[in-house]
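Report on one structure; see the data block that follows.
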2 protein chains.
Amino acid sequence: MKLPGKTVQRLSRYRRILYKYRYLEEPYIFSHDLARLLNINPVQVRRDLMLIGGSGNHRKGYHVKELMQLIGEKIDSEKGRKIILVGIGKLGQAIAEYLSDREMFQDIIALFDIDPVKVGKTMYDIPCFDIRDLSQMIKKKKVSIAILTVPSDYAVTIAELLIDSGIEGILNFTSVRLNTPENVFVQDFDIITSLEEMSYRLSLK
Amino acid sequence: MKLPGKTVQRLSRYRRILYKYRYLEEPYIFSHDLARLLNINPVQVRRDLMLIGGSGNHRKGYHVKELMQLIGEKIDSEKGRKIILVGIGKLGQAIAEYLSDREMFQDIIALFDIDPVKVGKTMYDIPCFDIRDLSQMIKKKKVSIAILTVPSDYAVTIAELLIDSGIEGILNFTSVRLNTPENVFVQDFDIITSLEEMSYRLSLK
DNA sequence: TTTCATTTGTTAATCTTTTAACAGCACAAA
DNA sequence: TTTGTGCTGTTAAAAGATTAACAAATGAAA
Ligand SMILES: NC(=O)c1ccc[n+]([C@@H]2O[C@H](COP(=O)([O-])OP(=O)(O)OC[C@H]3O[C@@H](n4cnc5c(N)ncnc54)[C@H](O)[C@@H]3O)[C@@H](O)[C@H]2O)c1
Ligand SMILES: NC(=O)c1ccc[n+]([C@@H]2O[C@H](COP(=O)([O-])OP(=O)(O)OC[C@H]3O[C@@H](n4cnc5c(N)ncnc54)[C@H](O)[C@@H]3O)[C@@H](O)[C@H]2O)c1
């Protein structure tokens, strides 16, 4: 049963909130609490949970741990996905730290860079390898997702390398469009678009 | 006339593509070219352009410069918005460089940090000020948007300072939820959600 | 000049996502 | 035991976004 994309995004967020709540003495949480913490509508929370077959107590709300478990069953892949980060500069390091810091339900297994000063080091508990080892690692460890934070000039070359090595998804932070085959998902990030959209929204007020 | 949010986002992207094309000898571009460059449907491009009253030549496509101009009229605010970046660490610097690098239709006027090593310097052509000067600058220069990249522990305090100083929108990169009044827009960024959504999508294949 | 292939502009249909509406349960308090 | 409040679960309606379908325009080639 396919879940709506937006629902999956919210489930991911619910789970991280639940994670923080997991050891509080109150083992239950209300849909309106989750909603408030994400600035959304409580109905939407309940609807999302309904879609994954979640059920709460009419008086106490949803059982925190039970719900975390259920969300995991629905959105995580059975074996857990392996993730790598390519290009460990300013942005790559910020992301590496961010991801290693918090409870992730995915596995960042390696960083890659071309700079000999970085290669061989362990940063934020994640080992950094030479870009020449990228292909082998992807194949051997069955890495499914790569976060791409190399300088734009190298984006296309590295993306081709990733694809040839069998990567399935790329989170692309470079401003370069990647020409990928159908079966490789790409998600582009772009702060300028967000800035301009916010600017437009402000103008409407 | 209010444009759909998604359309505004795409218009922002069209414009950046057009910008690259502006001095090529061919002054026209087809909807399917724009579409291909963004991995979207050409009908969608035409529909977006229709919404802002754009019109193309049935044989040559859209006039690049004319279209750039038109998009600007529709999505930019008359006076141009001022933007600041708060917290110039790994992520903040990456964003500062990224934004100063490319043609922006918004104005990054200042960086703010608490670290005396950074304060007073000019980074990527943008001057960095002490966080104590934040409030005054926002009021004096009528800054409308802040990009928040301070450590999570400081997020709430700095956000309150921003709001009290009259900021209208915040792009929030910290993992902390900001409790803002109705009239202040917040947009949260979160790579974990994107990773988990991609992971889910890969599982569907 | 006429034909033809190609692209725009627009309406309608479809698909997706959010919100409204409300029945029914659970528990606390009377 | 009964009543009332405040939740959940679900269906239906509304809103938002994408895609299909096709008429009309253009200009190149026949
Ligand atoms: N989408 C956004 O909003 C956004 C924001 C900021 C930066 N960016 C982009 O992210 C990318 C990284 O930015 P940054 O500030 O971290 O740059 P950076 O220069 O600080 O870091 C780049 C890193 O990549 C490494 N590298 C270079 N060539 C490589 C190769 N062939 N293989 C592996 N590693 C290689 C370098 O050694 C360096 O460590 C840039 O493309 C930038 O434009 C995007
Ligand atoms: N949303 C995401 O996907 C994502 C990714 C990476 C990092 N982050 C978040 O972004 C933030 C910054 O990350 P980073 O890696 O750049 O951290 P960093 O430690 O490298 O940089 C933080 C900067 O903020 C400055 N600072 C500290 N206190 C300040 C204050 N009171 N006022 C002004 N400046 C102050 C520091 O001097 C430093 O320059 C963190 O909250 C991190 O969790 C989010």
Side-chain angles (χ1 to χ4, degrees), chain A residues 1-14 18 21 26-64 66-67 70-71 74-75 182 187-188 193-194 197 200-201 204, chain B residues 1-14 17-18 21 26-64 66-67 70-71 74-75 182 187-188 193 197 200-201 204:
Chain A
M1 175 227 31
K2 187 169 166 298
L3 297 169
K6 286 290 170 69
T7 293
V8 174
Q9 291 177 16
R10 284 189 298 265
L11 288 170
S12 161
R13 296 197 166 101
Y14 300 154
L18 295 169
Y21 273 65
E26 181 53 68
Y28 290 89
I29 192 169
F30 293 123
S31 61
H32 62 247
D33 289 324
L34 280 168
R36 184 174 31 80
L37 293 168
L38 292 172
N39 292 321
I40 60 175
N41 188 323
V43 179
Q44 195 159 55
V45 175
R46 294 204 297 277
R47 211 177 182 297
D48 287 337
L49 298 183
M50 188 197 87
L51 290 175
I52 58 168
S55 89
N57 179 299
H58 284 209
R59 195 68 186 173
K60 296 189 258 175
Y62 298 87
H63 190 91
V64 172
E66 223 171 278
L67 200 50
L70 179 66
I71 292 175
K74 298 299 174 176
I75 73 173
E182 282 264 310
Q187 166 144 211
D188 294 304
T193 300
S194 304
E197 191 199 357
Y200 176 78
R201 293 186 59 194
L204 291 182
Chain B
M1 174 228 31
K2 188 171 167 294
L3 297 168
K6 288 288 170 69
T7 293
V8 175
Q9 291 176 15
R10 284 189 299 265
L11 288 170
S12 162
R13 296 198 165 101
Y14 300 154
I17 291 172
L18 295 170
Y21 273 65
E26 179 54 68
Y28 290 89
I29 191 168
F30 293 124
S31 61
H32 60 247
D33 289 324
L34 280 169
R36 185 174 31 78
L37 293 169
L38 292 171
N39 292 321
I40 61 175
N41 189 323
V43 179
Q44 195 158 58
V45 174
R46 294 204 296 279
R47 209 173 186 299
D48 287 338
L49 298 182
M50 188 197 89
L51 290 176
I52 59 168
S55 88
N57 179 299
H58 283 208
R59 195 65 189 175
K60 296 190 258 173
Y62 298 87
H63 190 91
V64 172
E66 230 172 2
L67 200 49
L70 179 65
I71 292 175
K74 298 299 175 177
I75 73 173
E182 282 263 310
Q187 167 144 209
D188 293 304
T193 300
E197 190 198 358
Y200 176 79
R201 292 185 59 193
L204 291 181

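Here is how names work: the chains are called A, B, and so on, in the same order as the sequence lines, proteins then strands, and each is numbered from 1.
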Whole angstroms only, please: what is the [atom1]-[atom2] distance between [X] and [N]?
X       : N       : atom1 : atom2 : value
N39(B)  : dT18(D) : CG    : P     : 14 Å
E197(A) : dA17(D) : CD    : C1'   : 13 Å
R10(A)  : dT19(C) : CZ    : C1'   : 11 Å
I52(A)  : dT10(D) : CD1   : C1'   : 16 Å
L34(A)  : dT8(D)  : CG    : C1'   : 13 Å
D48(A)  : dT8(D)  : CG    : C1'   : 14 Å
L11(B)  : dA17(D) : CG    : C1'   : 14 Å
L49(B)  : dT18(D) : CG    : P     : 14 Å

Presence of [X] side-chain N/O under 4.0 Å of [N] phosphate oxygens OP1/OP2:
X      : N      : value
Y62(B) : dG9(C) : yes
R46(A) : dG9(D) : no
R47(A) : dT8(D) : no

Pairs flagged by side chain to side chain donor-acceptor pair (under 3.5 Å) wherever residues 41-55 of chain B is involved - sequence neighbours left out: T7(B)-D48(B), R10(B)-D48(B), Y14(B)-D48(B), S31(B)-R46(B)

Nearest-neighbour nucleotide for the M50(B) side chain, dT11(D), dT17(C), dT10(C) considered: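 Given the options dT11(D), dT17(C), dT10(C), the side chain of M50(B) is closest to dT10(C).
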
Among dT18(C), dG9(C), dT7(C), the nucleotide that comes nearest once only the side chain of S55(B) is considered: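 From the listed options, dG9(C) comes nearest.
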
So, do [X] and [Y] sit near enough that their side-chain heavy atoms are less than 4.5 Å apart?
X       : Y       : result
R201(A) : E197(A) : yes
L11(B)  : L3(B)   : yes
Y21(B)  : L37(B)  : yes

base_contact_polar (dG24(C) base, H58(A) side chain, donor-acceptor, <3.5 Å): yes

Test side-chain contact (heavy atoms from CB on, under 4.5 Å) applied to L70(A) and Y62(A), step by step: CA-CA 11 Å; L70(A) 179 66; Y62(A) 298 87; over 6 Å; no

5'-most by nearest nucleotide on DNA chain C - Q44(A) or H32(B): H32(B)

Sugar-phosphate only, base, or nothing, as touched by T7(A) at under 4.0 Å among non-hydrogen atoms: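 Since no nucleic acid heavy atom lies under 4.0 Å of T7(A), the category is nothing.
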
Restricting both atoms to N or O, compile the protein contacts to nucleotides 27-30 of chain C shorter than 3.5 Å, with distance only.
| unit_1 | atom_1 | unit_2 | atom_2 | d |
| --- | --- | --- | --- | --- |
| dC27(C) | OP1 | N57(A) | ND2 | 3.1 |

Interatomic distance, T193(B) atom OG1 to R13(A) atom CZ [nearest 0.5 angstrom]: 4.0 Å

Nearest-0.5 Å distance, CG of residue D33(B) to CG of residue L38(B): 11.0 Å

